2 protein chains.
Amino acid sequence: MISPELLEKYSAVMKSFGKNDIIFEEGNLPTHYYQVISGEVKMSNYNDDGREFIQGIFYKEQSFGEPPLFLNQKYPANAIAVDESEIFLLSKSNFMKLLEENPKVSIKIIENLAQRLYYKSVMAAEMSTQEPEHRVLKLIDHGIAYFNFKKDSNGYLINFTRQQIGDLTGLRVETVIRTIKALEKKGVLKIINRKVYR
Amino acid sequence: MISPELLEKYSAVMKSFGKNDIIFEEGNLPTHYYQVISGEVKMSNYNDDGREFIQGIFYKEQSFGEPPLFLNQKYPANAIAVDESEIFLLSKSNFMKLLEENPKVSIKIIENLAQRLYYKSVMAAEMSTQEPEHRVLKLIDHGIAYFNFKKDSNGYLINFTRQQIGDLTGLRVETVIRTIKALEKKGVLKIINRKVYR
DNA sequence: AACACTTTATGACTTAAATCATAAAACAAG
DNA sequence: CTTGTTTTATGATTTAAGTCATAAAGTGTT
């Protein structure tokens with residue numbers, strides 16, 4: 001999103017996180033701008049009985065956690081490294097300075113927030129009114145456009161586990177498994193040794 | 001959000017909409033920036049069998065529909081005047097010009113998108129993992145902070161119908177009615193001749 | 001190779017919310 | 001005031017997805 005050169009010019013530092021390390025926690029106040037260099041980060045909530053909801057998954061060059069930073073509000077979710085990951089951290093004050101001095105970056109930020117808002121609008125409507133097959137398919141099709149799914153001879157490989165799909169759509173694993181089987185039977189996607197292709 | 005003077009300087013025009021008039025429709029490409037002068041606007045989706053999901057409700061000085069404008073994507077929902085409303089319309093090209101020439105407005109836009117993303121994140125988690133009482137209460141408490149609920153001697157008057165609460169939380173009217181009764185019994189809110197107070 | 005852990009899979013059952021039906025209040029318009 | 005529409009309300013019933021139990025296949029580690 002923001003070029004590494006620019007970030008370093010404003011004293012951003014690179015930090016490494018191990019698998020399942022917490023990057024920030026729900027309820028805390030934001031102190032930094034975060035941008036993935038490598039690896040995979042998820043933002044998620046846990047309800048009272050431990051059930052997870054994944055707000056989004058972020059890959060290289062993507063930033064996350066800006067809304068509360070701009071609003072001086074507590075984080076509404078946790079950020080966790082799904083794999084070993086390297087992240088740029090830029091302090092809030094330096095980030096704000098960067099924005100003021102580089103108006104074109106504001107436009108980039110706007111586009112990025114707009115993109116995420118668009119995704120959330122679509123998924124909110126799906127999750128509230130649509131049946132499991134519709135929800136799962138919408139997520140997969142969005143993922144093809146915006147997550148880093150790779151295409152091979154079988155189609156796009158949906159490299160999410162059934163559990164992740166459930167946590168992103170508000171469905172339980174068993175329901176996702178059954179839904180994906182039903183979608184395969186209908187011919188809208190393929191399962192080739194347990195992996196899902198579209 | 002953007003001052004009327006600045007909007008008019010860039011040739012924004014005021015347009016009136018009657019109750020239930022469509023402002024823009026799902027699937028269409030954006031052409032304008034919209035900002036409410038007076039009245040009430042809802043953005044919502046209808047699923048295949050006509051069930052509605054309300055993405056958000058907007059009041060005076062609030063803008064809506066920007067994400068697809070920035071992304072050149074089709075609107076993911078409809079915008080409808082809930083009451084008689086007056087709206088500023090600013091063409092996309094003039095809006096972009098306004099942004100370029102007034103960098104401080106970008107920051108305002110960012111804050112506004114951040115706010116909406118924050119709301120969607122909270123509600124998405126609620127809708128996917130929480131039970132009706134939790135969902136309804138969260139919506140109400142958010143509304144007190146961000147919709148224009150008025151405080152009187154009984155507390156904040158939640159001026160949404162049960163149906164609207166249902167369409168905002170993904171619940172059916174009957175469930176909302178029963179949930180609100182249960183919440184009253186627990187003493188977390190009041191019902192005074194059918195109106196809800198918190 | 002053996003062991004532990006994760007992921008996918010399936011069947012049986014339970015349950016919370018949706019659906020259906022019906023009606024009384026409240027409100028709005030002529 | 002009357003009539004039509006919207007909103008709130010309640011009880012009975014249905015159902016789709018969640019829950020529970022159990023297991024096989026796959027993956028990773030020492």
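A note on names: the letters A, B, ... follow the listed sequences, proteins ahead of strands, and every chain is numbered from 1. Everything numeric in this text was worked out from a predicted model, so none of it was measured.
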Consider side-chain contact (heavy atoms from CB on, under 4.5 Å). Of A/His142, A/Glu131, A/Lys138, which one does A/Glu126 pass it with? A/Lys138
For DNA chain C, find the residues of residues 174-196 of chain A with a heavy-atom distance under 4.0 Å and give them by number; none if there aren't any. A/Glu174, A/Ile177, A/Arg178, A/Lys181, A/Arg194
Salt bridge check, B/Glu66 against B/Arg116: does any charged N sit closer than 4.0 Å to a carboxylate O? yes
Student check: side-chain heavy atoms of A/Arg198 and A/Leu137 closer than 4.5 Å: yes
Once you measure the plane-to-plane angle for B/Phe64 and B/Tyr34, does it fall in the parallel (<30°), tilted (30-60°) or perpendicular (>60°) bin? parallel
Whole-Å distance between D/dA9 P and B/Leu171 CG? 16 Å
In whole angstroms, how far is the C1' atom of D/dG18 from the CD atom of A/Glu131? 17 Å
Between C/dA9 atom P and A/Arg172 atom CZ, what is the distance in whole Å? 18 Å
Expected list for residues 159-170 of chain B near DNA chain D, using heavy atoms below 4.0 Å, is B/Thr161, B/Arg162
Can you tell me how the ring of B/Tyr33 sits relative to the ring of B/Phe95, calling it parallel under 30°, perpendicular over 60° and tilted otherwise? parallel
Pairwise side-chain contact, A/Glu52 with A/Asp167, heavy-atom cut-off 4.5 Å (strictly under): yes
Round to the nearest Å and state the distance from B/Asp49 atom CG to D/dA16 atom P. 13 Å
Rounded distance (Å) that lies between atom P of C/dA28 and atom CD of B/Glu84: 14 Å
B/Arg51 CZ to C/dA17 P: how many Å, rounded? 13 Å
Determine whether the aromatic ring centres of A/Phe53 and A/Tyr46 lie less than 6.0 Å apart. no
Smallest separation among heavy atoms of A/Gly170 and A/Arg135, with atom names: O-NH2, 3.6 Å
A/Glu52 atom CD is separated from D/dG18 atom C1', nearest whole Å, by 18 Å
What integer distance in Å separates B/Asp83:CG from C/dA28:P? 11 Å
Verify whether one side chain among A/Lys42 and A/Gln55 offers a donor that lies under 3.5 Å from an acceptor in the other. no
